[in-house]
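These values consider heavy atoms only, across backbone and side chains, with no hydrogens, waters or symmetry-generated copies.
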Amino acid sequence: MSIRLGDTAPNFKADSTVGNIDFYEYLGDSWGILFSHPADYTPVCTTELGYTSKLKADFEQRNTKVIALSVDGVEDHKNWIKDINETQNTDVQFPIIADKDRKVSELYDFIHPNASLTATVRSLLIIDPDKKVRLIITYPASTGRNFNEVLRVLDSLQLVDSHKIATPANWNDGDDVIVPPSITTEDAKNIFPKGVNEIKPYLRYTPQPIK
């Protein structure tokens with residue numbers, strides 16, 4: 001099964017480093033990040049989980065829960081966490097799913113035969129509170145993910161959901177945003193009291209709302 005943007009993220013139950021988890025219950029009404037790792041005790045994954053752990057406050061600020069996945073077992077996960085904490089100077093508290101039977105990996109299409117028949121690729125999904133998939137990023141096993149980009153996309157998605165805007169290339173929180181083509185310039189001036197800068201009839205900027 002191939003999951004695409006806008007699809008409902010399928011629910012699952014699985015064992016993890018914090019016990020049995022029902023994915024939907026774990027997320028509750030929060031945003032969620034589900035990301036897969038090729039294997040435990042691998043160097044790139046170690047840096048990724050360590051950096052994610054250090055972003056705990058950033059994810060909490062965005063009402064977002066993180067959950068990782070690897071095809072290894074719970075005991076391997078728990079022992080690996082000790083290494084992550086030691087080498088990355090952190091304290092991993094988010095759950096890591098044990099997916100030895102690869103049921104969750106296959107449900108989410110995390111195993112790509114061109115890369116490996118048994119190990120997952122570096123896939124990451126952002127899931128909104130309605131359980132809809134809003135972002136899918138897949139990296140090769142050799143390349144660590146950019147979690148600052150994940151935070152940037154979260155900021156964009158949450159801003160887009162609360163205001164009638166879009167975000168331009170390389171946008172960061174606090175930058176000007178784009179007025180969508182579906183809104184006329186006349187209406188935009190009423191919707192966005194901070195002003196509208198019209199470069200072209202289809203390209204209009206306004207200061208970021210709530211900033």
Side-chain angles (χ1 to χ4, degrees), residues 1-38 45 48-49 51-74 77 81 92-112 115 119-139 145-167 171 173 177 180 182 209-210:
M1 172 176 147
S2 179
I3 294 177
R4 294 170 291 188
L5 294 181
D7 286 350
T8 299
N11 195 25
F12 60 83
K13 295 181 180 179
D15 199 8
S16 79
T17 50
V18 298
N20 290 321
I21 280 183
D22 178 293
F23 187 46
Y24 278 11
E25 289 182 2
Y26 172 73
L27 291 181
D29 60 358
S30 299
W31 289 70
I33 292 177
L34 172 65
F35 62 125
S36 60
H37 299 80
C45 298
E48 287 189 326
L49 269 73
Y51 192 78
T52 302
S53 176
K54 292 177 180 179
L55 295 175
K56 182 176 183 292
D58 296 276
F59 287 122
E60 288 177 348
Q61 180 185 352
R62 293 163 174 81
N63 187 33
T64 300
K65 293 181 179 178
V66 175
I67 186 166
L69 175 148
S70 171
V71 294
D72 295 304
V74 169
H77 286 354
I81 285 174
V92 173
Q93 297 181 9
F94 57 83
I96 305 176
I97 297 166
D99 194 35
K100 293 185 75 171
D101 58 9
R102 301 194 292 279
K103 286 185 178 179
V104 180
S105 299
E106 291 171 359
L107 181 65
Y108 275 83
D109 196 29
F110 285 163
I111 295 177
H112 293 186
T120 57
V121 290
R122 293 188 197 287
S123 289
L124 181 147
L125 279 67
I126 292 181
I127 300 165
D128 69 19
D130 293 325
K131 309 300 184 290
K132 299 298 183 182
V133 176
R134 303 292 296 276
L135 173 76
I136 303 171
I137 304 178
T138 300
Y139 285 70
R145 283 165 280 217
N146 185 336
F147 285 88
N148 295 322
E149 168 67 2
V150 175
L151 290 176
R152 190 188 77 89
V153 176
L154 262 175
D155 286 338
S156 173
L157 290 172
Q158 292 179 357
L159 188 65
V160 166
D161 282 3
S162 60
H163 296 82
K164 297 178 180 179
I165 56 92
T167 56
W171 174 88
D173 186 36
V177 297
S182 58
I210 71 173

message: Side chains of F35 and V150, heavy atoms from C-beta outward: is any pair under 4.5 Å?
response: no

- prompt: Is there a side chain to side chain contact (heavy atoms under 4.5 Å, CB included) between I21 and I67 once you walk through the steps?
  reply: CA-CA 10 Å; I21 280 183; I67 186 166; 3.9 Å; yes

- request: Taking all heavy atoms of I3 and all of I136, pick out the closest pair and write down the distance.
  value: O-CD1, 3.3 Å

message: Test your reading of the model: is there a side-chain donor-acceptor pair from D99 to the backbone of V104, 3.5 Å cut-off?
response: yes

query: Please walk me through it: do C45 and R122 pass side chain to side chain contact (heavy atoms under 4.5 Å, CB included)?
result: CA-CA 9 Å; C45 298; R122 293 188 197 287; 3.2 Å; yes

message: Would you compute the distance between atom CZ of R145 and atom CD1 of I137 and round it to the nearest 0.5 angstrom?
response: 9.0 Å

- prompt: Closest approach of A166 and V160, non-hydrogen atoms and distance?
  reply: CA-CG2, 4.4 Å

query: So do the side chains of I33 and F147 get within less than 4.5 Å of each other, counting heavy atoms only?
result: no

- request: Check for a donor-acceptor pair, side chain of D128 on one end and backbone N or O of D130 on the other, with a separation under 3.5 Å.
  value: yes

message: Could you measure the distance from the CG atom of L135 to the CG atom of L124? Nearest 0.5 Å is fine.
response: 6.5 Å

query: Should we count NZ of K54 as having more than 12 external heavy atoms under 6.0 Å?
result: yes

- prompt: Does the side chain of I97 come within less than 4.5 Å of L34's, by heavy atoms?
  reply: yes

message: Give me the atom names and distance for the closest heavy-atom approach of V71 to P38.
response: CG2-O, 3.9 Å

- prompt: Just by modelled atom types, is the S16 backbone N or O under 3.5 Å from a matching donor or acceptor in the H77 side chain?
  reply: no

field: Working for side chain to side chain contact (heavy atoms under 4.5 Å, CB included), residues L159 and I210
entry: CA-CA 9 Å; L159 188 65; I210 71 173; 4.1 Å; yes

Beyond-backbone contact of I96 with L69, side-chain heavy atoms, under 4.5 angstrom: no

message: Using a 3.5 Å distance criterion without hydrogens, assess whether the side chain of T52 forms a donor-acceptor pair with backbone atoms of E48.
response: yes

query: When rounded to the nearest 0.5 angstrom, what is the spacing between CD1 in I126 and CG in L151?
result: 8.5 Å

message: For the OG atom of S30 and the CD1 atom of I127, what is their distance to the nearest 0.5 Å?
response: 12.0 Å

- request: Quick one: which residue pairs count as a salt bridge (Lys or Arg N to Asp or Glu O under 4.0 Å) with a foot in residues 152-162, not counting sequence neighbours?
  value: R62-D155, R134-D161, E149-R152

Side chain proximity check, T8 to K132, heavy atoms < 4.5 angstrom: yes

query: Counting distance only, does the side-chain N/O of S36 pair as donor-acceptor with the main-chain N or O of S123 below 3.5 Å?
result: yes

query: Measuring from F110:CZ to L125:CG, what's the distance to the nearest 0.5 Å?
result: 5.0 Å

Shortest non-hydrogen contact from W31 toward L154: CE3-CD2, 4.0 Å

Where Y108 and P10 come nearest, the two heavy atoms and their spacing: OH-O, 2.6 Å

message: Would F94 and F59 count as a side chain to side chain contact (heavy atoms under 4.5 Å, CB included) here? Give the steps.
response: CA-CA 11 Å; F94 57 83; F59 287 122; over 6 Å; no

- request: Kindly say whether N146 contributes a backbone atom to a donor-acceptor pair with the side chain of Y51 at under 3.5 angstrom?
  value: no

message: Checking D22 now: which residues fulfil side-chain contact (heavy atoms from CB on, under 4.5 Å) with it, not counting sequence neighbours?
response: N11, K13, Y24, E25

statement: One should read off an interatomic distance between E106 CD and D101 CG, to the nearest 0.5 angstrom, of 8.0 Å

